[in-house]
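Data first, discussion second: the structure below is written as C-alpha cells.
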Protein chains: 4
Amino acid sequence: MIPNKPLVISVPEPRSLDLIFRPEQKAKLLDRYRIVEVCEAEFAQLGDDVLGQAQYILGQPPISSAQLARLGQLRCVFNVESNLLDNMPYAELFARGIHVVTTGAVFALPVAEMGLGLALDLLRDITNADLAFRQGTEAWGGDGNGQARLLSGANVGIVGFGELGKALRQVLSGFRPTIRVFDPWLPASLLVEQEVVPATLDEVLGLSDVVFVVAAVTSENQGFLGHESFARMRAGACFILLSRAGVVDFDAMMAAVRQGHIRAGTDVFPEEPVAADHLIRTLPGMLRSAHRAGALDEAFKRMGDMVLEDMDLLDRGLPPMRCRRAERETVARMRSKPVTRN
Amino acid sequence: MIPNKPLVISVPEPRSLDLIFRPEQKAKLLDRYRIVEVCEAEFAQLGDDVLGQAQYILGQPPISSAQLARLGQLRCVFNVESNLLDNMPYAELFARGIHVVTTGAVFALPVAEMGLGLALDLLRDITNADLAFRQGTEAWGGDGNGQARLLSGANVGIVGFGELGKALRQVLSGFRPTIRVFDPWLPASLLVEQEVVPATLDEVLGLSDVVFVVAAVTSENQGFLGHESFARMRAGACFILLSRAGVVDFDAMMAAVRQGHIRAGTDVFPEEPVAADHLIRTLPGMLRSAHRAGALDEAFKRMGDMVLEDMDLLDRGLPPMRCRRAERETVARMRSKPVTRN
Amino acid sequence: MIPNKPLVISVPEPRSLDLIFRPEQKAKLLDRYRIVEVCEAEFAQLGDDVLGQAQYILGQPPISSAQLARLGQLRCVFNVESNLLDNMPYAELFARGIHVVTTGAVFALPVAEMGLGLALDLLRDITNADLAFRQGTEAWGGDGNGQARLLSGANVGIVGFGELGKALRQVLSGFRPTIRVFDPWLPASLLVEQEVVPATLDEVLGLSDVVFVVAAVTSENQGFLGHESFARMRAGACFILLSRAGVVDFDAMMAAVRQGHIRAGTDVFPEEPVAADHLIRTLPGMLRSAHRAGALDEAFKRMGDMVLEDMDLLDRGLPPMRCRRAERETVARMRSKPVTRN
Amino acid sequence: MIPNKPLVISVPEPRSLDLIFRPEQKAKLLDRYRIVEVCEAEFAQLGDDVLGQAQYILGQPPISSAQLARLGQLRCVFNVESNLLDNMPYAELFARGIHVVTTGAVFALPVAEMGLGLALDLLRDITNADLAFRQGTEAWGGDGNGQARLLSGANVGIVGFGELGKALRQVLSGFRPTIRVFDPWLPASLLVEQEVVPATLDEVLGLSDVVFVVAAVTSENQGFLGHESFARMRAGACFILLSRAGVVDFDAMMAAVRQGHIRAGTDVFPEEPVAADHLIRTLPGMLRSAHRAGALDEAFKRMGDMVLEDMDLLDRGLPPMRCRRAERETVARMRSKPVTRN
C-alpha cells in the first residue's frame, strides 16, 4: 500500500462502484485513494490494519460500536443507498464528529420530472387519449378535452420540501404556479425565500389543483394522508405520489379515485412488486409507474461525482458540502425501507 | 340604435360569442357596443345602414372589395378563427389603415403544455409503462427505464418562434435546457434576447434531444421536414409536432419512428379525423393526440378578453396591442387550413 | 453601380455611420447595399436616379409628399435619431405600406441601469456618504444609515412600459419587487403576462417606495406629474426621472424634494444645458445626471446591428422585427424634442 | 419561574434585544421562554439554577469548559454578533451535539444591494457626475460617459460564495451576467447548480469587468489579494470590497486605483474609523462607504425572526434550519474581528 493515499472501505451494496462511478470518475477514485472493496459480510470481518486506517466508508454497512471504536481515523460514511437505516451507532458517530452523508439528492430531478410528466398526463389525459387512438375511439379537438385544464397559473401543493420538493419547484417554475408547501421541519421564512407559500397541510390539500407528495416516511407521518385528507381535496384535483407509499393510506387514495373525486398518479406502492390481481392495476383515473421515477443511470452516476467532490473537501480538512448530511435529531425518525433493487 | 356606441358586426363562425366570451365579458361587450349578429351568408347581404357604421368586425367572413368600400368606418377585423384565410382584400385593408388581428395566441400556452407533456411521456415512457402495469407486465425500477432520460439540461430544438414557440420556452424554462431555435422570419438578436440560441434548421435537427415543431404552414415550408430531416436527427431523439401537419412529410416521420431512429408525438395529422386503418394508430414509438392541444375552454374564453382589450384601445384612438396583427408582407403566405370544429 | 444591390440613402444626422456601425458592420452594409451618403440639405436635392431606386432611407430627413411620390421603391425609413418628428407625411407612408422604424430601443438597457444606479444611490445615500468621507465627516455603520432602506421586496412603480419600462423590469427582477405599472396605451393582461401589476397613476404614485418615470412625451401628458402627484407619493419615497423632462412639472418636483417629502434623481431637464445658477444644482435630496443615461457608445453601435437585421428581413420580403415600428395612431401624438447631440 | 417554558440566557451584547427583535417578536420571545438577561460580566457569575436549566444562549459570551459542563440542558448558542470568536470550547459543544449558529445572513441582501450600488456608481460615474453638476462643470450626453459601460451581459467575478455571494448573484440576476466564482470551500457542481461558473482566483480576477470580494477572513486568506492580484485585473475593471478589509492588501489596492488601472469601491477598511489624513479619503477612482452596507435596522430586526424560527424547531426536537451553523472544521479558521458598533 502507498501510505499517503487515504484509505477507503468500499461496501456500496446494493449499489456497485460501476453503477455509481463513470469510468473516468472511477479511475480518479482509484488514483487518489487506496480502496478496500468488500461485501457486507466481509466488512464485519475486517481487521485493524484496514479499520484503523480507513478515513472513509463508501457504503452503508451495519457498523457496531465495537467496530466504530476501531475505526480511529474515520471521517465520513457515504451512504449511497440513500435511506438512513438503523444499522450504525449514529450518536457515537456524531459525537466523534464523523459525518454520515447520503447521495439521495441525485434522484431529485429525475423524480421531479416524472412527477411533472404524470401531472401533465392527468391534466391533459395523454395516456387515455393515446389508448383511444390506438383503438379507433379517439375524440377530436375540444370533444376530447373533457376535464382538461392548464397547469400555468394553477394552484400547486407540495408536501415535503427537501431536495425533491425543491426540484419540483424548479421544473414547475416555467408554469408560474402558486406553490403552497407543507413541511413542518422547515421555517416559514426559508420557504418564502424560495418563492413558495408556507401552508398548513389542510391548505395544501384544500386549495391545490395538483398535490405532489414528496415527504420521506418518518416515525410521525406514516399513513398520515387518509380518507379525510382526500375528502378535503378539490373535486377533480390531481394527486401525485412520488416519495414513499408509507405516508399514504393507499386504500383511501384508491377510493377517492374510484369515486371520481380526484385523479391520481403514483410511482410507489405499499408492496412492490404489486400483486397481479391488485385493483390499482386497472383503476380508471389512476396513472401507474413501477418505481421508475428515480432509477435513471445518469442519476446513479452522479452519486460518484458527489462522493468525489466531498472526499476532496474532507481531504482538505473542510466539511462535506455536496452530499446531504444526516442530522443527529432526525436520523432516528426515518422509516423508509431499504431498497433491494437499483 | 343608440348612436354613440360603436357598432360591431359579429360573425364569428365557426366560433360563437358564447364560446369566446365568459358571461360577464359578453355582458360588457353588449353594454359597450351595438352588436349586429349575423352568419356569414347574412353578412354578405348587409346594407349600408350597418356596413357604413361598423367600426369592428368580430369574425373572419369573406369580404369583397365592394363590401370593403362600403365599410367606411371600419377600423379592425378581429379574426377569432385564427388562421388568416384568403377571403378578404388584405392589401386594401392595410392601405386604409384597418387592422386585421388574430386571437390565436390563446392557444399558445395550452399547446405548449401539451407539447411538454408529450415530450416527458416519450422521455420517460409514461403511457407504455402504465399500459404494461394494467396488463401485469410492468418492469420495476431501473429495469423499466430503458431509454429514459432527463429533460433538465437537455438540448432542445424549436422550429418556429411565434407565440407558441415563446410559450414553449416559458414552460421549458425550469429545465434550464439549451434551446436552439430556427425561425427565418426573426432576427437573431431577438432570439438571443429571449435567451435561446439562433440556429439553422440543420443545427436544430442535429443537435437536439427533443425537437418541437411549432411553425405555421406557409407557401414556402409545406412538407419541408422530410426523410433527410429525420435522418439528421440524433438517434433516440424525440420529435413533437404541434402546429400543423402540413410542414411535415408524415410518411417520412413514421418511417423514422418505425426504424426506431426517433420517437415522436403529434397532435396534428394530414387528414383529420384519421382513417380507421391508418398505420399511425398502432405504430410503436409514436404518441398520438387528436388535435386536442389547443382546444381548451379556458383558451377560447381568453379570446373574448383579448377582443375587449383591443377594442378599448381602438376606441381611444390607439393601436391594438393584445391580439396579433396580420402583416402585409406575410398574410399572403399563410396556408393553414381553416378549422371546422372548435 | 452594381444594379442588383438595394439602394440605401444614408442621411443619419445628427448621427453618423461611424457612430452607429462598428467597422465590421459598416463593411457589411457597404458590401450588401449601394449607399448614397448625403446631408439633409443634399437629400432635398436628390434626383430621380437616386430617389426612384432607393429602397431604404437610413435617417430621418424632412420628406415632402412630392419627394415621397418619387420614392417609388421605398420600403422602410430607419429613424436612427430615434424621436418621431413631424417632418414627413406619415399617413402617406403608411398607406403605401412603407415602414417607419426607430432604433431607440438601444437606449433602454443603458437608461434602465442608470435608473437603478440612481435609485440605489438615493436608497443608500451613496453619493453623499462618499462626499462626507472625502471631507472627513462620514458617519460609521448604522449611524450613517439614516433613511437607508432595501430595494429587495420593495414596492416599485413604473410610469410608461415601452422598451425602457421593460428593461427596468428586467434589471429590477433580482430584487423581486412588486412592480406596479401605469401605461394607458397597453392592455392590462399584457402587463400581467410580464409579471407586473397594472395600476392607475394614483396607485403607482401612492403605493411605491421608488417611482421610475419612463414615459415618452405626447400631446396628452405634458407636465402631467405636478404638485398633486408628488403630494400623493409616500413620504421618503424616491422619484427617478429618466425619459423626458416634459412629462413633469419640474418646479413641483423640486418643491417636493426641498420639503423633504421625497428624494429624486433625474437624467433630464427642461432646458439642457441647465443654467449655471439653477437651484437644482445644489438642491439637497436631489441626484443629477446630465442626460448621460442612454448615450453609451455600445448603445449607438447596436443601432447599426438593428438596421442590418431588419434590412435583411425586408430584403427577403418580410416585415422588420428588430426596430420599433411607428404606429399610424400614435405617431402624431409624439412631442419629444429632437436631440442635437449624441 | 414557570417551569415548562424553556430557559434562555440572553447576553446579546453588543446587540440588544430591542435591536434585534421587533416589539411583537420580542413579546413572542417573552411569552414562549423564560429569559434571564445578563451582561457578559454577569454571565460569568451565573449559578447552577440558571446554567443547569438553560436550553438556549442568545448571544456569544465567553464560555469556559467548566461553565459548559454545568450547562447540562444547553441545545444551541445563538451568536447574534455574527462573527465566530475564539471564546468558547467549540469542540466540546459539537461533541455534545450543541449547535452554535449565527445570524449573519441578515446582512447578505443589504450588503449585496450596496455592492451593486457601488458597482453601478463606478460603471456610470454617478457620484462624480453629481458633484460636477453641483459645481457647474458637468459634461452632457456622451461627453460625460468617458469610461461608462453596461453591467448587462458583463463578466462578473465573486470571491467567496456564502450567503453574501448568493445574495449578490440574486440582485445581479436581472443583468444576465456571466458570473465566475472562486470559493475553495465549495464543490464546483454546487456552483454550477446555482448558475455561476466555478473558477480559479486568477480567472475571476483576469476575466471580470467587476469583481466583488465577499470572502470572510480566515487563517488562510489574510491579505491574499495583493499587488499581483490587482495587476491581473482587466484595465478599467471595478473592484468592490464588501466583506472584510483583512483579505486585501489595502495599499496594493490603492496603488492600482491611483495608477488608473482599476476603479474601486469599499465598505470596509483596515482601521475603522479611518484616520483623518488617510490618503484613501480623496483618492480619485475610489468610492468610499463607512461600513454602512449591512447595518440597516431591518436587517437587525430579521435576526430576531431567525432566532425565533430556529428555537421553534429546536423546541420540537428538530435541527435549526434558519440560522447558519458553525462547522467543526472551519470554526477555528475564522479571523474576523468582533464588531464594536451595530
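Here is how names work: the chains are called A, B, and so on, in the same order as the sequence lines, proteins then strands, and each is numbered from 1. Nothing here was measured: the structure is a model prediction, and the numbers come from that model.
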[X] side chain to [Y] main-chain N or O, any donor-acceptor pair under 3.5 Å?
X        : Y        : answer
C/Arg169 : C/Val196 : no
C/Lys26  : C/Leu17  : no
C/Asn79  : C/Thr103 : no
B/Gln55  : B/Leu7   : no
B/Asp86  : B/Ala332 : no

Between chain B and each of C/Ser189, C/Ala95, C/Ala91, C/Gly97, count heavy-atom pairs under 4.5 Å; write down the option with the most.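 Of the candidates given, the most pairs with chain B belong to C/Ser189.
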Taking it one step at a time, do C/Arg325 and B/Glu327 satisfy salt bridge (Lys or Arg N to Asp or Glu O under 4.0 Å)? CA-CA 12 Å; C/Arg325 300 187 214 167; B/Glu327 301 269 16; 2.7 Å; yes
Given heavy-atom pairs under 4.5 angstrom as the criterion, report whether the side chain, backbone, both or neither of C/Arg316 touches chain B.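 For C/Arg316, heavy atoms of backbone and side chain both lie under 4.5 Å from chain B.
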Side chain, backbone, both or neither: which part of C/Arg75 has a non-hydrogen atom closer than 4.5 Å to chain B?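 Neither part.
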Are B/Lys301 and B/Asp297 close enough for a salt bridge, meaning some N to O gap below 4.0 Å?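 A salt bridge is present here (some side-chain N lies under 4.0 Å from a carboxylate O).
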Charged N to carboxylate O under 4.0 angstrom, C/Arg322 versus C/Asp305?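 Answer for the salt bridge query: no.
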Answer with side chain, backbone, both or neither: which region of B/Ala188 has an atom nearer than 4.5 Å to a non-hydrogen atom of chain C?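 Contact with chain C involves both backbone and side-chain atoms of B/Ala188.
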Where on B/Arg328 is there a heavy atom nearer than 4.5 Å to chain C: the side chain, the backbone, both, or neither?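 Only the side chain of B/Arg328 comes within 4.5 Å of chain C.
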Of all the residues in residues 307-315 of chain C, which have a heavy atom that comes within less than 4.5 Å of a heavy atom in chain B?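 At a heavy-atom separation under 4.5 Å, chain B is reached by C/Glu309, C/Leu313.
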Among B/Arg96, B/Glu193, B/Arg302, B/Met306, which has the most heavy-atom pairs under 4.5 Å with chain C?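 Heavy-atom pair counts peak at B/Glu193.
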Residue pairs fulfilling ring pair (Phe, Tyr, Trp, His ring centres under 6.0 Å) with at least one residue in residues 297-329 of chain B, sequence neighbours excluded: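 Listed once each, the pairs are B/Phe107-B/Phe300.
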